[in-house]
Amino acid sequence: MPFQLYDTASRQIRALDPVVPGRVSIYHCGLTVQGPPHIGHIRKEVVFDVLRRWLERSGLEVSIVANVTDIDDKILAKGDEQGRPWFAVAYENERALHAAYEVLGCIPPTYEPRATGVVPEMIEMMQTLIERGHAYAAEDGSGDVYFDVRSWPSYGELSGQRVDDMLNAEDAPPEGKRDGRDFALWKGHKDGDPESASWPTPWGRGRPGWHLECSAMAAKYLGHEFDIHGGGLDLRFPHHENELAQSRAAGQPFARVWMHNAMLNLAGAKMSKSVGNTLMVSEVVKRVRPIALRYYLAASHYRSIVEFSEESLAEAATAFGRIEGFVRRAAALAGPGEPGDVPAEFAAAMDDDLSVPAALAVLQGHVTDGNSLLTAGDTAGAGEALARVRGMLDVLGLDPLSPTWDRGGDDAAQVQVIDALVEGLLEQRQAARAAKDFATADRVRDQLTAAGIDIEDTPQGARWSVKG
RNA sequence: GGUGGGUUGGCCGAGAGGCGAGGCAACGGACUGCAAAUCCGUUUACACGGGUUCAAAUCCCGUACCCACCUCCA
């Protein structure tokens, strides 16, 4: 079965049909860097990271472009508030985003352009749109440039709305607009805005509107037609609708498939900067291991709302612990080996609109089988199961033995020291057990447990691991 | 007012006309000096009211409730 994906635009599951056979080009909207990323933002990164890993595993060459919107009203306001340049605010949050990518094991995009880096391309695009009669400079001399919604009959096609049914944006001053629904391609410079937040154009100095940058970046780095455009469902309208209208009106076919991930809710409402109910990635990873957070975010289907709770996060950590326990036990017995091929049922689930929950059910079945092989002492069989399990985990970015997660380098020396100490205690415990002095044996185990070390008795002797 | 999505067992979470996804928790059993880990087994499902069908969690109609978008948002 070829890879299939739900397309938001046509509202159906469609086979991926790349513009260039063998290659997949993906654009997804990154962050507007007004603040550090919360776990809703990073859910999107994990979703697209899993998509990328699966397509690459399927033998496709993947290009991913994800933008960083480094200028907008709120960034300017924050700079003003904090008494420092707007670009310092944007850059700080961009670095926080990169740190979150890394801590959750997300492979960086192929390229990550900034909005302020494509101003010439935006100007070109506006000129094209004006020539074609789909955009106009504001008639009030403000320097704003608007897209003329009425000039583009298919406006609303992505979100399934008709222009006449849409509410007029009441908070946007309609002065220079021909229609209240027209949206800004470019915002004229206002007195009081920093000079550094403006660029010269044929219509005066100003700065990018929100939507145009994505059209300009996608065209520059992926071409006028590309395969998948992604982002959070909350961007479908107006952002993606507007991108689609701009690019098509400028004569570009644009994205073939639109892929939107559902939101992550907290207490029944979408986690968002404006609601204020956010949990920062940097905070959550203090309570739960990053790999467990990644498992939690990846385990639900990307089109299902995730209702965040501490309980379900803890449950996910336990569930992942079972998988990881098998991997570590099997690796200790049979050697780590390398991630192997994935079972056909796993591949079928992933090909079916990235059905990670079904794929995980396959993975967990193999873990159960592998555990049975370990219990039976079948080293060769356990090694084969390990290769399959690691292959599946690798696709999800969750292989505990991968260099991403097994950061042995930094603390390998410390581990050796701890190992020597723990092994000494385990030998004492074993001696006590042999002498049937169970009080002493249990005291040693309790001492280790209190220090945060789990003891596991196996047919090959006791093993220790740091609790997590 | 317009446009989408949802409501599944104690909990999380798939499925989308017949065959009990999976996980967590609980309980029982095996293993263990006792545990832990592991394996085996057990229990409680498809919001409500109608309808279609040999057969409905799944399709249709209605009702209730929830979420998202139409304003900045992943």
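In what follows, chains carry the letters A, B, and so on, assigned in the order in which the sequence lines appear, proteins first and then strands, with residues in each chain numbered from 1. What you see below is based on every heavy atom in this structure, not just the backbone, and it leaves out hydrogens, waters and symmetry mates.
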The residue among A:D148, A:D144, A:D140 that forms salt bridge (Lys or Arg N to Asp or Glu O under 4.0 Å) with A:R178 is A:D148
Here the distance between atom C1' of B:C70 and atom CG of A:D182, to the nearest Å, is 16 Å
Here the distance between atom P of B:A14 and atom CG of A:L354, to the nearest Å, is 13 Å
Exactly one candidate in A:D437, A:D442, A:D457 meets salt bridge (Lys or Arg N to Asp or Glu O under 4.0 Å) with A:R429; the answer is A:D457
Separation of B:U38 atom C1' from A:I455 atom CD1, nearest Å, is 17 Å
On a whole-Å scale, what distance lies between the P atoms belonging to B:G9 and B:C46?
-> 8 Å
A:R429 CZ to B:A35 P, in whole Å, measures 13 Å
In terms of heavy-atom contacts, A:R207 and A:D193 come closest through NE-OD2, 4.2 Å
What residues 371-381 of chain A contributes to the RNA chain B interface at heavy-atom separation below 4.0 Å is A:N371, A:S372, A:T375
Tell me if the side-chain of A:R445 makes a donor-acceptor pair with the base of B:C34, cut-off 3.5 Å, by modelled atom types.
yes
Judged by nearest nucleotide, the residue sitting upstream toward the 5' end of RNA chain B, A:V367 or A:A299, is A:A299
Distances under 3.5 Å between protein N/O atoms and the N/O atoms of nucleotides 25-30 of chain B, please, pair by pair.
none

Original post:
Hey, is the side chain of A:S304 poking within less than 4.0 Å of OP1 or OP2 on B:A14, counting only N and O atoms?
Top reply: yes
Rounded to whole Å, CE of A:M263 lies from C1' of B:C72 at a distance of 14 Å
Strictly under 3.5 Å: I want the nitrogen or oxygen pairs between protein and nucleotides 19-21 of chain B, one per line.
none

With a 4.0 Å cut-off on heavy atoms, is A:D457 in touch with a base, just the backbone sugar-phosphate, or nothing at all? base
Closest to the side chain of A:L31, out of B:C69, B:A74, B:C34, is B:A74
Closest to the side chain of A:F237, out of B:C69, B:C72, B:C34, is B:C69
Applying ring-ring contact (aromatic ring centres under 6.0 Å, His included) to A:H260 and not counting sequence neighbours gives A:H240
Which atoms of nucleotides 1-5 of chain B (N or O only) lie under 3.5 Å from a protein N or O atom, and what are those distances?
unit_1 : atom_1 : unit_2 : atom_2 : d
B:G1   : N2     : A:D165 : O      : 3.4
B:G2   : O2'    : A:D165 : OD2    : 3.2
B:G2   : N2     : A:Q161 : OE1    : 3.2
B:U3   : O2'    : A:S159 : O      : 3.0

Minimal heavy-atom distance between A:S159 and A:F237, with the atoms involved, is OG-CD1, 3.3 Å
| said: By the 4.0 Å heavy-atom rule, please label A:G268 as base, sugar-phosphate, or nothing. | reply: sugar-phosphate
Pairwise C1' distance, B:C60 and B:U53 [rounded to whole Å]: 12 Å
B:U7 and B:C48, which share atom name C1', separated by this distance in whole Å: 11 Å
With sequence neighbours left out, the residues meeting salt bridge (Lys or Arg N to Asp or Glu O under 4.0 Å) with A:R322 are none
Rounded to whole Å, the NE2-C1' distance (A:H260 to B:C67) equals 17 Å
Those residues at least two apart in sequence (or on a different chain) that pass ring-ring contact (aromatic ring centres under 6.0 Å, His included) with A:Y296 are A:F308
*Check every strand shown and say whether A:D442 touches a base, only sugar-phosphate, or nothing at a heavy-atom separation below 4.0 Å.*
base
(message) When the C1' atoms of B:G22 and B:A64 are compared, how many Å lie between them, rounded to an integer?
(response) 31 Å
Exercise. Hey, can you tell me if A:F183 and A:F147 have their rings parallel, tilted or perpendicular (30° and 60° cut-offs)?
Key: parallel
Hits for ring-ring contact (aromatic ring centres under 6.0 Å, His included) against A:Y302, two or more places apart or cross-chain, chain-then-number order -> none
**Asked** When you compare B:A57 with B:A47, how far apart are their P atoms, in angstrom units rounded to a whole number?
**Response** 10 Å
For A:H41, the ring-ring contact (aromatic ring centres under 6.0 Å, His included) test, sequence neighbours excluded, returns A:H38
Numerically ordered, the residues 320-329 of chain A set in heavy-atom contact under 4.0 Å with RNA chain B is A:R322, A:R329
Check the pair A:T449 / A:D446 against side-chain hydrogen bond (donor to acceptor under 3.5 Å, both in side chains), numbers first and verdict last.
CA-CA 5 Å; A:T449 304; A:D446 291 346; 5.1 Å; no
Expected list for residues 35-55 of chain A near RNA chain B, using heavy atoms below 4.0 Å, is A:H38, A:G40, A:H41, A:K44
The residue, A:V306 or A:K273, whose nearest nucleotide of RNA chain B is more 5′ is A:V306
Using a cut-off of less than 4.0 Å, is there contact between a side-chain N or O of A:S309 and OP1 or OP2 of B:C12? no
When rounded to whole Å, the CH2 to C1' distance for the pair A:W464 and B:A37 reads 17 Å
Item to complete: Just call it for A:T368: base, sugar-phosphate, or nothing, with non-hydrogen atoms closer than 4.0 Å on any strand.
Response: sugar-phosphate
Side-chain atoms of A:P238 come closest, of B:C12, B:A74, B:C70, to B:C70
Whole-Å distance, A:H366 NE2 to B:G22 C1', equals 13 Å
(Q) Give me the distance, rounded to whole Å, that separates B:G10 from B:U52 when you measure between the C1' atoms they each carry. (A) 35 Å
Indicate the ring-plane relationship of A:F226 and A:Y27, choosing parallel, tilted or perpendicular according to the 30° and 60° boundaries. tilted
Secondary structure of RNA chain B per the Watson-Crick/G-U criterion (both distances under 3.5 Å; [ ] crossing, | other strand, . unpaired) is (((((((..(((.....[...))).(((((.......)))))....(((((..]....))))))))))))....
Of the candidates B:G23, B:C69, B:C34, the side chain of A:A319 sits closest to B:G23
